[in-house]
There are 2 protein chains.
Amino acid sequence: MKEKDFEGIRSLPLFHEMEEENFQELMRVAYFQTFPPQIELISEGEPSDFLHIVADGMVELFSNWNNRETTMAIVRPVGTFILAATVRDAPYLMSARTLEKSRIVLLPSQDVRAVFDKDNAFARAVVTELAACYRSVIKASKNLKLRTSTERLANYMLRRQELAGGAPSFELPIEKRKIASQLGMTPENLSRALRTLGEYGLEIDGLKVTIADRDDLTRFAKPTPLIDDPGT
Amino acid sequence: MKEKDFEGIRSLPLFHEMEEENFQELMRVAYFQTFPPQIELISEGEPSDFLHIVADGMVELFSNWNNRETTMAIVRPVGTFILAATVRDAPYLMSARTLEKSRIVLLPSQDVRAVFDKDNAFARAVVTELAACYRSVIKASKNLKLRTSTERLANYMLRRQELAGGAPSFELPIEKRKIASQLGMTPENLSRALRTLGEYGLEIDGLKVTIADRDDLTRFAKPTPLIDDPGT
DNA sequence: GCCGTTTCTTGATCTCGATCAAGCCCTTGG
DNA sequence: CCAAGGGCTTGATCGAGATCAAGAAACGGC
């Protein structure tokens, strides 16, 4: 079981170029754990003892303030989270919970920092990864500040369609309330915004979305790589 | 003139620990330029040819979409910007303009990447800096999603007071319209929110702010290091 | 298969914030 | 000194989104 995970982790850009010896060392000290759904893995404010890797399942990153809560991101296999806190040895800024049964790999932060110090390829990969994380949050921030909720939803749907392979019909990956929270809106509002997007050829039935005319929706959504492209 | 700047730059965490030789190399290939106010230094979407350092003056980072514009951050001496784009060799996600007469140091991105590859101390510093940038954007995002505009303003004022040394009276560093845009609100709304904060002991006259009772304002603002602390 | 829970939806209402418009004040340049 | 322009404030109105409430649909557990 562990060996299967090794491959997946090794294939991540973050671990792909590092020395085999150092990779093995990290795997040796790693904890492999399976969690049921709805388990809070970490809480914001706690010291960052582990770098987390989602080997299987799905994890939600969220934050609280003054009895309000918001979803910051969803992490899917194979992805990592809390890299920045690990690097800086600072408290977590977000909490994390499993959304479904998930297999999580925990790398002790101090070991990650130790390998970082002696493995240049790994150090480079950490920098590249962090820069990517930074840019994706900047994009999320632009999305929030420059667009209305319906515009955010339209672009979200276009992106989901791409990730699903481009077919006119596809399934939403998470419940709508989480999508709403991620997009900075209420579930009620999401419902209404979906009806609004019907005017631009978007049909929804449960979690199944059908985009009749992509061009039509695109004209409304006005996507730009400087906000919507996950890679660059 | 240049030598004076050297010290300021060298004192930055980003450049402080690197080899003197490599630092000198970077300074040798750097461009030192003074710009008048309101000059657009870079535009989002352009390739990232230079890492920028604000040696003197003030620079606004902003973004546009669909005829809307928002202020993302203000960079003050001595601070850098566009580090993530430089590292990834990816297009700028934000534009930048001078707000006042500013002296800017431009480091060619490829030289920065070259030094990064051979100087471990610099590489480590880049990672630390990027992690800090990432965390500050996450905080900004939480601020936007979890708070109302008046709550954001109250916390902004508390932070400004700290940065000004803690005295009851202090001056705002930029025009209110920029503050409004940074906080994700309109100038009109900022004006009204300031009046609202009067109920909690905040007085404003032009750019001069007086906080009569910090505890009172704090009870309303409910600041938390997980959103408002710039350092951690 | 049924019950209880939770999510989703829809409608009504309200609040926050945006927009539009006008007047004031300050700065800047002639 | 005056005129022009821009930033700031204030009021009125509008619109987006939040909240409250209730019913419908989906899901999970026994």
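Just so we're on the same page: letters track the sequence lines, and every chain starts at 1.
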Check: Taking the nucleotide of DNA chain D with the closest heavy atom to each, which residue, B/Arg177 or B/Arg192, is nearer the 5' end?
Finding: B/Arg177

Check: With a 4.0 Å cut-off, would you call B/Lys142 and A/Glu44 a salt bridge?
Finding: yes

Notebook entry, point to check: Does the distance from a Lys or Arg side-chain N to an Asp or Glu carboxylate O, for A/Asp228 and A/Arg147, drop under 4.0 Å?
Noted result: yes

Check: Can you check whether A/Ser149 has a side-chain N or O nearer than 4.0 Å to OP1 or OP2 of D/dG17?
Finding: yes

Check: Side chain of A/Glu175: nearest nucleotide among D/dT10, C/dG17, C/dC8?
Finding: C/dC8

Note to self: Check the phosphate of D/dA18 against A/Thr186, side-chain N and O only, distance under 4.0 Å to OP1 or OP2. Yes or no?
What the structure shows: yes

Notebook entry, point to check: Any side-chain N or O of B/Lys176 under 4.0 Å from OP1/OP2 of D/dT9?
Noted result: yes

Margin query: Parallel, tilted or perpendicular: which one describes the rings of B/Phe50 and B/Tyr31, with boundaries at 30° and 60°?
Written below: perpendicular

Margin query: As a test of reading the structure: which of D/dG17, C/dG17, C/dT7 is closest to the side chain of A/Thr150, going by heavy atoms?
Written below: D/dG17

Note to self: Taking 4.0 Å as the cut-off, does a side-chain nitrogen or oxygen of A/Asn189 come that near to OP1 or OP2 on D/dA18?
What the structure shows: yes

Item checked: Presence of salt bridge, B/Glu60 and B/Lys178, under 4.0 angstrom -> yes

Checklist line | Atom-pair distance (CG on B/Asn67; P on C/dT19), nearest Å | finding: 12 Å

